[in-house]
Amino acid sequence: MVNTPLTYLIRIWLPDRPGALGRVATRLGSLRGDVIGLEIIERSGSRAIDELVVSLPSSVSVALIARELAEEDGVEVEDIRLIDGSYDPEIEALEVAAALLTTRTIAELHVALCEHVHRSISSTWVCVLSSDGLLLAVAGEAPAAEWIDAFVAASPSANRSCDAAQLDTEWVQLTSRGARLVLGRQYGLGARERQRLVALARISDAWSDRLSC
């Protein structure tokens with residue numbers, strides 16, 4: 001059987017000290033893994049959140065990856081998912097921006113925004129919620145509109161300063177008709193992800209001024 005390499009995006013918490021990331025890479029190397037990409041999602045106090053793009057043999061299971069990394073002192077695995085081997089977070093962000101700028105109506109813009117944020121930020125669901133609590137666009141299995149509207153009313157947005165890394169639901173204000181972009185996933189967003197979300201909302205807002213209904 002051909003042991004074709006697979007590419008994984010691995011999100012970990014680790015001590016923010018010299019050598020910690022190198023020891024993680026050594027653990028992955030013991031599984032014949034090759035780290036081909038890295039993004040530092042957040043540094044908070046004595047810990048950091050990193051996302052590693054890693055090529056591994058198909059014979060190596062997700063469970064084995066998680067067990068191996070958990071053996072390293074201070075390392076916690078938050079998520080491991082299979083991705084396309086050409087994944088690059090910077091290129092992905094540019095492609096999302098380009099996709100938004102090809103829409104021709106506000107309705108198309110909302111749909112594109114949900115679909116691309118859903119993929120690029122690895123969310124469980126994304127929606128655009130109107131100012132009166134109606135779902136204008138959805139990607140993934142979102143909760144009921146009433147629950148989302150109540151959450152937004154009670155929570156600070158990602159535009160404002162808050163400890164959002166501990167939240168599993170985020171929202172950003174959109175200028176088009178007072179709508180809100182809301183997303184949820186199984187773990188909170190890091191600082192760079194919140195910045196990316198806010199930037200995409202700003203691009204959407206700028207483009208919406210040029211569009212028809």
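The first residue of the sequence shown is numbered 1, and numbering continues consecutively from there.
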For [X], give me all partners under side-chain contact (heavy atoms from CB on, under 4.5 Å), at least two apart in sequence or on another chain.
X    : result
T26  : none
A48  : L14, D16, R43, D50
T103 : E108, L109, A112, W207, L211
E72  : R23, R27, V75

Is there a side-chain contact between [X] and [Y] in this structure, where contact means two heavy atoms from C-beta onward sitting under 4.5 Å apart?
X    : Y    : answer
D34  : V54  : no
I148 : T169 : no
W171 : L181 : no
L129 : L135 : yes
L31  : L56  : yes
S30  : E68  : yes

task = Might you work through the side-chain contact (heavy atoms from CB on, under 4.5 Å) test for L38 and L21, ending with a clear yes or no?
result = CA-CA 10 Å; L38 168 68; L21 185 57; 3.4 Å; yes

ask   = Between V24 and I10, is a side-chain contact (heavy atoms from CB on, under 4.5 Å) present by the stated rule, with each step listed?
value = CA-CA 11 Å; V24 167; I10 303 175; over 6 Å; no

Pairs where residues 114-137 contributes a residue and the test ring pair (Phe, Tyr, Trp, His ring centres under 6.0 Å) is met, not counting sequence neighbours = none

Just verifying a value: how many Å separate [X] [atom1] and [Y] [atom2], rounded to the nearest 0.5 Å?
X    : Y    : atom1 : atom2 : result
I83  : L6   : CD1   : CG    : 11.0 Å
L136 : S130 : CG    : OG    : 5.0 Å
L197 : R202 : CG    : CZ    : 12.5 Å
L82  : L9   : CG    : CG    : 10.5 Å
I49  : I41  : CD1   : CD1   : 7.5 Å

Are [X] and [Y] connected, step by step, through hydrophobic side chains (Ile, Leu, Val, Met, Phe, Trp, Tyr) whose heavy atoms are closer than 4.5 Å?
X    : Y    : value
L94  : V53  : no
V138 : V111 : no
L52  : I80  : yes
L64  : L69  : yes
L101 : L174 : yes

Only counting residues at least two apart or in another chain, list the ones meeting side-chain hydrogen bond (donor to acceptor under 3.5 Å, both in side chains) with [X].
X    : answer
D209 : none
E76  : R47
S131 : none
R67  : none

Determine the minimum heavy-atom distance between [X] and [Y], stating which atoms define it.
X    : Y    : value
P15  : A20  : O-CB, 3.3 Å
S204 : L113 : OG-CD2, 3.8 Å
Y8   : V60  : OH-O, 3.9 Å
S208 : T175 : OG-OG1, 4.2 Å
C114 : A137 : SG-O, 3.6 Å
S123 : G184 : CB-O, 3.5 Å

Checking [X] side chain against [Y] main chain: does a donor-acceptor pair fall under 3.5 Å?
X    : Y    : result
Q173 : G178 : yes
D168 : Q186 : no
R81  : D79  : no
S58  : T4   : yes

query = Between V35 and L28, is a side-chain contact (heavy atoms from CB on, under 4.5 Å) present by the stated rule, with each step listed?
reply = CA-CA 8 Å; V35 178; L28 292 168; 3.9 Å; yes

Worked check of side-chain contact (heavy atoms from CB on, under 4.5 Å) between E170 and S155 = CA-CA 9 Å; E170 294 273 2; S155 304; over 6 Å; no

task = Using a strict 4.0 Å threshold on nitrogen-to-oxygen distance, state whether R185 and E193 make a salt bridge.
result =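 Here R185 pairs with E193 in a salt bridge, since their nearest N and O are under 4.0 Å apart.
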
request  = Identify, with sequence neighbours excluded, every residue that meets salt bridge (Lys or Arg N to Asp or Glu O under 4.0 Å) alongside E95.
outcome  = none

Selection residues 137-152 - residue pairs positive for side-chain hydrogen bond (donor to acceptor under 3.5 Å, both in side chains), sequence neighbours left out = D149-R180

key: salt bridge (charged side-chain N to carboxylate O under 4.0 Å, His left out) pairs, two or more places apart, involving residues 127-137   =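 Listed by first then second residue: nothing to list.
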
